[in-house]
Protein chains: 2
Amino acid sequence: MNAPPLTKNQALVFDVLEKAEGPLSAYTILDKLRDHGFRAPLQVYRALEKLLEYGVVHRLESINSFVACAHPGENCHSHGIVAFAICESCGQVMEFHDHEVDHRLMDWTRGKKFKAEKTTIEIRGLCEACAA
Amino acid sequence: MNAPPLTKNQALVFDVLEKAEGPLSAYTILDKLRDHGFRAPLQVYRALEKLLEYGVVHRLESINSFVACAHPGENCHSHGIVAFAICESCGQVMEFHDHEVDHRLMDWTRGKKFKAEKTTIEIRGLCEACAA
DNA sequence: ATCAATTGCGTTATGCTATAACGTGTGCGA
DNA sequence: TCGCACACGTTATAGCATAACGCAATTGAT
């Protein structure tokens, strides 16, 4: 699932996410792109759908937001399960991968014959700077 | 954080969740409780807030729904991180705990000096019956 | 070359999820 | 008895996401 060349809207949305300090909601992205002609949520959601598919953007389920993948250029889907630590104070997101966690979860799903499609791991709390 | 006696609304909401086959959205709960006098979303959300606090109900972030804890009577918060496998076909939810996963995530947060408050692990896919 | 299928795009409308803000009543300890 | 905390009810609003329609551009098989 490597990313094909992005369309205009996809590139605009991706650009906003990449330049952002932290995760953004779809409507925040929309507002940032009004000057570029965006007028409706669907324009954002449709672009996001593709960017998620290509693996260059992640969705943070617990805060209804989106963030650019921390591994530009690479195919993030191949790193196994992606985990996130989200600071509830400053909004910063750290993305990481842990193969041992993947392994444990896969063991569990295998044992239950559960066919996993998409796994979410999100840790909310305070980053080092904000916890001080 | 053991559960104090539930108020009327809390008991009603909890009862609906416990008798349900799978997770329910707040608005679905509301509809099921109209006969009991519920008229507004806040009545549900306020009850859910407490039930979540008491640990007798879990929120499934990835599907904006709520489910009764699978360990009635016990204090679920003491089991460590709760993980869920959610069947996208039949809606059934399996709740489980894996201390090794907890450890790995805690190791990571310790290393980053990240103060974890709430961790979400949700696996979406197909249960054994539905995958067949 | 042409037709059909696919994909992206724009727009309007709508539905679902969640909370703000205000007021009421009740119980309980100082 | 006063003040406080808490549950509750109601109205309104904010925030998140998609349905359904139509148009334009691209591609690719015949």
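Just so we're on the same page: letters track the sequence lines, and every chain starts at 1. What you see is a predicted model, and the numbers here were worked out from it, not measured in a lab.
For the pair A/Q43 and C/dC9, the criterion of a side-chain N or O lying under 4.0 Å from OP1 or OP2 is not met. Side-chain nitrogen and oxygen atoms of A/T7 include at least one within less than 4.0 Å of the OP1 or OP2 phosphate oxygen of C/dC9. Residue A/K50 places at least one side-chain N or O under 4.0 Å from the OP1 or OP2 atom of C/dG8. Of the side-chain N and O atoms in B/Y45, none sit less than 4.0 angstrom from OP1 or OP2 of C/dT19.
Ring geometry for A/Y27 versus A/Y45: interplanar angle over 60°, hence perpendicular rather than tilted (30 to 60°).
In this entry the distance linking CD1 of B/I63 with P of C/dA18 reads 11 Å, nearest Å. Taking atom CZ of residue A/R46 and atom P of nucleotide C/dT12, one finds them 13 Å apart after rounding to whole Å. In this structure, CD of A/E49 is placed 13 Å from P of D/dA17, rounded to the nearest angstrom. For the pair A/L60 CG and D/dC16 C1', the computed distance is 15 Å after rounding to whole Å. Note: CG (B/L6) to C1' (D/dC6) measures 15 Å, nearest angstrom. For the pair B/L51 CG and D/dA7 P, the computed distance is 11 Å after rounding to whole Å.
For residues 20-42 of chain A, proximity to DNA chain D is found at A/S25, A/Y27, A/L42, defined as any non-hydrogen atom under 4.0 angstrom from a strand atom.
Residues passing the salt bridge (charged side-chain N to carboxylate O under 4.0 Å, His left out) test with B/K32, sequence neighbours excluded: none. Under the salt bridge (charged side-chain N to carboxylate O under 4.0 Å, His left out) criterion, A/D98 pairs with B/R104, sequence neighbours left out.
Between the side chains of B/R59 and B/T120, no donor N or O sits under 3.5 Å from an acceptor N or O.
Taking only side-chain atoms of A/Q10, from C-beta outward, the nucleotide of C/dA18, C/dG8, C/dT11 with the closest atom is C/dG8.
Where B/N64 and B/N9 each meet DNA chain D at their nearest nucleotide, the meeting point lying more 5' is that of B/N9.
Residue A/I121 holds its CD1 atom at 8.0 Å from CD1 of B/I123, rounded to the nearest 0.5 Å. Once rounded to the nearest 0.5 Å, the distance linking CH2 of B/W108 with CE of A/M94 reads 4.0 Å.
Side-chain N or O atoms of B/E18 include none that pairs as donor or acceptor with a backbone N or O of B/A68 at under 3.5 Å.
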